[in-house]
2 protein chains.
Amino acid sequence: MKFENKYSETVKRIKSNLIRELLKTAGDKDIISFGGGIPDPETFPIKKMSEIANEVIMNEYRVSLQYGSTEGDPELIKQYIRLMEEYEGIHGLTEENLMVTTGSQQALFIVGTVFLDEDSYCAVSKPIYLGAGSAFNQRNPKYISIPLEKDGMNIDYLENELKKLDENGEIDKFKFVYTVSNFHNPAGTTLSLEKRKRLIELAEKYDFIIIEDDPYGALRFEGEKQPSIFKLNNGERVVLLNTFSKVLSPGLRIGVIVANKELIRKMVLAKQGMDLCSSTLTQRIAARFIEKYDLFEEIKPTIELYRAKKDKFMEALEKYLGDIEGVDWIRPEGGLFSWITLPEGFDTMELFEIAKRKKVIYIPGETFYVDEPERNTMRVSFCLPSFEELDEGVKRLREAIDEYAKEKGIELKLK
Amino acid sequence: MKFENKYSETVKRIKSNLIRELLKTAGDKDIISFGGGIPDPETFPIKKMSEIANEVIMNEYRVSLQYGSTEGDPELIKQYIRLMEEYEGIHGLTEENLMVTTGSQQALFIVGTVFLDEDSYCAVSKPIYLGAGSAFNQRNPKYISIPLEKDGMNIDYLENELKKLDENGEIDKFKFVYTVSNFHNPAGTTLSLEKRKRLIELAEKYDFIIIEDDPYGALRFEGEKQPSIFKLNNGERVVLLNTFSKVLSPGLRIGVIVANKELIRKMVLAKQGMDLCSSTLTQRIAARFIEKYDLFEEIKPTIELYRAKKDKFMEALEKYLGDIEGVDWIRPEGGLFSWITLPEGFDTMELFEIAKRKKVIYIPGETFYVDEPERNTMRVSFCLPSFEELDEGVKRLREAIDEYAKEKGIELKLK
């Protein structure tokens, strides 16, 4: 049977995941990979988690192995409200302000479903988190791409775009701004306090919603913690997305949405048709884990490890790339990623092949755009390679850059 | 903030789940409920599962707690291919023919996303499984509702509808027939072998896909096992949906799609934006469980229990409702459900209030229609109440029926 004419327009639009394809071709063990965006599995608290899994299955099987409500495990929601109070200073939440999702990816998908039609606008950062793009793309909205600066989204640019929409009488179709507020994936940047406040002002002026995606916030290794946009706005028009993937384990597939209760009700309706409920087993494991242990004490060694790796990585970048004019990178205060910009004329997708031969890989930046990409950028993650590999990997990257420049006849200007 | 004008057209269409609302109002412990469609938690193999969970976390954490591929855990897929060979006689499957979903609900949602646009047609049974309706509704397709008979969908009716579409030049927009082949939810019916074959003939003639949803097939307590439509068609144009929810535990949230590899590739692309991957922890637990234990030996006691309850329930229906002219019900050969039709003039939604006062509840049939409902029907599940409750519940139901008839001035004709 030929299936081509049976597919929906939605699925015809979906492109295969470039990152996956790239990483597939690079399974070689000698390769140093800055490509992954995943936590170090050696940091998972396996002993504690297996004990809790045992208790949750043996003693709570009537809940933990049964269907659950679409909203999520009430015990997990209760514990999470406590975490939000203790660690984020967010008070006054009730169970109606939260829902559990199958990882943050589902939260993004639900956001897309609840707010976006084909004639809707949303503003996203340039570059954008790939998973947000793949979730929103299924709704085929109109994107407004806002350049990222070192302190986050360029708010002047956003304001100007909103003005234009307003003048064109289309501001009603503008639904939300999507932002990764801390240690952006892919760019490593953090939205400054001033910009957070300006974003809220704009949201009030132009009546839109802010989607604050914060998977990495707990992984701050330096600098001052910023209040969440959600907190600054008292949760009025902010939808906060959190996840256990970076602080406990991705394998649980648990995300949490915190928002106005009216929005939560709509999002629950959407989720019902999508997967009925997330795993009650992994939800209850997470609930008992955060009840029994101090999650933020637990991840301190992980944060220390990532901080040391980040320092080593920054040192290597300075050592091997610091002398090239036009090369720049983000110094993240937390999270898993930095973002390197090479001089004009570089195409990191082409460079990838040379780098692979030199046994180092990264994610070409062009993957992270919903419109015209900047081709001289790359995402690099420092959390999985060893300290030696961090140094050696950047050394190899420099070799690849030199070879690419030679091949293409680009003259590298040295400082 | 007013959110109403921010919502998508999709989410505005979603209605709240009536079953949930009904069951919410009926938390009273004295109530005998035929409403649930969930397995008996006392049948869950908790000891074996907690041992496996422990091993899977302690020894396989690099996989079981990490992100996984969108296609699903390779170990689970390998084991599932073996199950399909041993129990379904389906040979020649490779890993490219399968993918894992977050429960069967996600499989239905993916099917909707991959095949349906607003101008697409699909044929569904009348009544329809509620979860399928809520998944497909998000795509807003055009439904063709096919009446169910005691041996499944009325194929003549379907053929006639297809002919009409063909004559109107719209047959290209017809994407699939959706059917629950064994022990239908809500109706308890099983599609006969002859109808399975005729359905495939029609699919070939009119070039459409068959979505065969089989969550209950392993729960056969009598009669002869029918080959799956998938097997009869060598998987050419059939998408088979299975789940671990009824044979192991719903809390794992694991469904499996078996289909042509081209379709699987498209469905994987769709899932990627939806939740990236299903829980790697629960997938690996399921994989090791079915590797170590014979799933179908394990569920034999469950099947025996459900069979005995079904017998008791049928006996009670005969005893208390058998004398009323125009009352009919399905005698299921497996699964969790029967379907009762009351005489013309009954409205089971109105009857619900009286029944609740009499301390017995069920699901009003009108919940299970995507178009004009039959209001004199109800779904009843026999797997959770005790044997005594099965008898007492039907007795109460008869009292409610008598009272309703009296209130409405309906004269019950007795045989």
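In what follows, chains carry the letters A, B, and so on, assigned in the order in which the sequence lines appear, proteins first and then strands, with residues in each chain numbered from 1.
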**Q** Find the one option among A:Glu51, A:Met267, A:Glu71, A:Arg284 whose heavy-atom pairs under 4.5 Å with chain B are most numerous.
**A**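 Maximum pair count with chain B is reached by A:Glu71.
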
**Q** Would you say B:Thr10 and A:Arg139 are linked by a side-chain donor-acceptor pair, where the criterion is simply a distance under 3.5 Å?
**A**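 Yes, B:Thr10 and A:Arg139 have a side-chain donor paired with an acceptor closer than 3.5 Å.
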
**Q** For the candidates B:Thr101, B:Ile46, B:Thr280, which exhibits the highest count of non-hydrogen atom pairs separated by less than 4.5 Å from chain A?
**A**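 Most heavy-atom pairs under 4.5 Å with chain A: B:Ile46.
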
**Q** In Å and rounded to the nearest 0.5 Å, what is the CD to CD distance from B:Glu118 to A:Glu9?
**A**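 Here the interatomic distance stands at 12.0 Å.
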
**Q** Do B:Phe44 and A:Ile57 have side-chain heavy atoms sitting under 4.5 Å apart?
**A**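 Heavy-atom side-chain distance check fails, nothing below 4.5 Å.
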
**Q** Using non-hydrogen atoms and a 4.5 Å limit, figure out which bit of B:Ser104 sits close to chain A: side chain, backbone, both or neither.
**A**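 Interface part for B:Ser104: neither.
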
**Q** Measuring heavy-atom distances to chain B, does A:Leu130 have an atom under 4.5 Å in its side chain, in its backbone, in both, or in neither?
**A**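 For A:Leu130, there is no contact with chain B at all, as no heavy atom is under 4.5 Å.
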
**Q** Return the option, out of B:Glu236, B:Lys12, B:Arg265, B:Met49, with the maximum number of heavy-atom pairs under 4.5 Å with chain A.
**A**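 Looking at each option in turn, the highest pair count goes to B:Met49.
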
**Q** Specify the closest pair of heavy atoms between B:Gln138 and A:Met274, including all atoms of both residues, with the distance to one decimal.
**A**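 Result for this residue pair: OE1-CE, 4.0 Å.
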
**Q** With a 4.5 angstrom heavy-atom cut-off, which part of A:Val56 approaches chain B: side chain, backbone, both or neither?
**A**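 Neither part.
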
**Q** Locate the shortest heavy-atom distance separating B:Asn5 from A:Lys175; write the atom from each residue and the value.
**A**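 Scanning both residues completely, I find the closest heavy atoms to be O-CE, 4.2 Å.
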
**Q** Quick check: closest heavy atoms across A:Ser134 and B:Gly273, and the distance to 0.1 Å?
**A**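 Scanning both residues, the minimum pair turns out to be OG-CA, 3.6 Å.
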
**Q** With a 4.5 Å cut-off on heavy-atom pairs, point out which of A:Ala135, A:Cys277, A:Ala107 contacts chain B the most.
**A**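 The residue among A:Ala135, A:Cys277, A:Ala107 with the greatest pair count is A:Cys277.
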
**Q** By a 4.5 Å heavy-atom criterion (distance strictly below it), what part of A:Leu116 contacts chain B: side chain, backbone, both, or neither?
**A**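 The answer is the backbone of A:Leu116.
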
**Q** So which heavy atom on A:Glu42 is nearest to which on B:Tyr61, and how close?
**A**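 Result for this residue pair: OE1-OH, 2.8 Å.
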
**Q** Can you tell me how far CD of B:Glu204 sits from CE of A:Met1, rounded to the nearest 0.5 angstrom?
**A**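 Taking CE in A:Met1 and CD in B:Glu204, the distance rounds to 10.0 Å.
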
**Q** Could you check which of B:Leu108, B:Asp40, B:Asp117 has the highest count of heavy-atom pairs closer than 4.5 Å to chain A?
**A**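 Ranked by heavy-atom pairs under 4.5 Å with chain A, first place is B:Asp117.
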
**Q** Please round to the nearest 0.5 Å and tell me the distance separating atom CG of B:Leu276 and atom OG1 of A:Thr102.
**A**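 Reported value, rounded in 0.5 Å steps: 11.5 Å.
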
**Q** How close do B:Gln66 and A:Pro39 get, counting heavy atoms only, and between which atoms?
**A**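 Minimum heavy-atom separation between B:Gln66 and A:Pro39: NE2-O, 2.9 Å.
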
**Q** Are any of the side-chain heavy atoms of B:Val114 and A:Lys6 separated by less than 4.5 Å?
**A**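 Of all side-chain heavy-atom pairs linking A:Lys6 with B:Val114, none is under 4.5 Å.
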
**Q** Sort A:Asn260 into side chain, backbone, both or neither according to what part of it lies under 4.5 angstrom from a heavy atom of chain B.
**A**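 It is the side chain, since no backbone atom gets that close.
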
**Q** Quick check on the interface: out of B:Asn54, B:Ile38, B:Leu281, who has the most heavy-atom pairs with chain A under 4.5 Å?
**A**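 Top count of heavy-atom pairs under 4.5 Å with chain A: B:Ile38.
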
**Q** Below 4.5 Å from any heavy atom of chain A, which atoms of B:Ile285 appear? Answer side chain, backbone, both or neither.
**A**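 Contact with chain A is through the side chain of B:Ile285 alone.
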
**Q** Under a 4.5 Å heavy-atom cutoff, which of B:Asp207, B:Asn137, B:Ile110, B:Leu248 has the most pairs with chain A?
**A**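 Winner by heavy-atom pair count: B:Asp207.
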
**Q** Taking every non-hydrogen pair under 4.5 Å, which of A:Gln283, A:Lys246, A:Glu55 racks up the most with chain B?
**A**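 Looking at each option in turn, the highest pair count goes to A:Lys246.
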
**Q** Given heavy-atom pairs under 4.5 angstrom as the criterion, report whether the side chain, backbone, both or neither of B:Lys15 touches chain A.
**A**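 Backbone of B:Lys15 only, per the 4.5 Å heavy-atom cut-off to chain A.
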
**Q** What orientation do B:Phe115 and A:Tyr7 show, parallel under 30°, tilted 30 to 60°, or perpendicular over 60°?
**A**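 Correct class here is parallel.
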
**Q** Quick check on A:Ser278 against chain B: is it the side chain, the backbone, both or neither that has a heavy atom closer than 4.5 Å?
**A**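 Contact with chain B is through the backbone of A:Ser278 alone.
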
**Q** Counting only heavy atoms not in A:Lys261, do more than 12 sit closer than 6.0 Å to its NZ atom?
**A**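 Check fails, neighbour count at 12 or below.
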
**Q** Below 4.5 Å from any heavy atom of chain B, which atoms of A:Phe136 appear? Answer side chain, backbone, both or neither.
**A**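 Neither part.
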
**Q** For the candidates A:Lys47, A:Lys266, A:Lys173, A:Lys2, which exhibits the highest count of non-hydrogen atom pairs separated by less than 4.5 Å from chain B?
**A**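 Most heavy-atom pairs within the cutoff with chain B belong to A:Lys266.
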
**Q** Roughly how far apart are A:Leu252 CG and B:Ser64 OG, rounded to 0.5 Å?
**A**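 If I round to the nearest 0.5 Å, the distance is 9.5 Å.
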
**Q** Counting heavy-atom pairs closer than 4.5 Å to chain A, which one of B:Gly112, B:Ala53, B:Gly103, B:Ala270 comes out on top?
**A**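 Most heavy-atom pairs under 4.5 Å with chain A: B:Ala270.
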
**Q** For A:Glu95, I'd like to know if atom CD has over 12 heavy atoms of other residues, nucleotides or ligands within 6.0 Å.
**A**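 Check fails, neighbour count at 12 or below.
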
**Q** Among A:Ile254, A:Ile209, A:Val268, single out the residue with the greatest number of heavy-atom pairs under 4.5 Å to chain B.
**A**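 Heavy-atom pair counts peak at A:Ile209.
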
**Q** Given side chains that start at C-beta, do those of B:Arg253 and A:Thr282 come closer than 4.5 Å, heavy atoms only?
**A**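 SC-SC contact between B:Arg253 and A:Thr282 ruled out.
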
**Q** Do you know the tightest heavy-atom contact between B:Met58 and A:Ser50?
**A**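 Scanning both residues completely, I find the closest heavy atoms to be SD-OG, 3.5 Å.
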
**Q** In terms of heavy-atom proximity below 4.5 Å to chain A, should B:Val63 be classed as side chain, backbone, both, or neither?
**A**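 No part of B:Val63 comes within 4.5 Å of chain A.
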
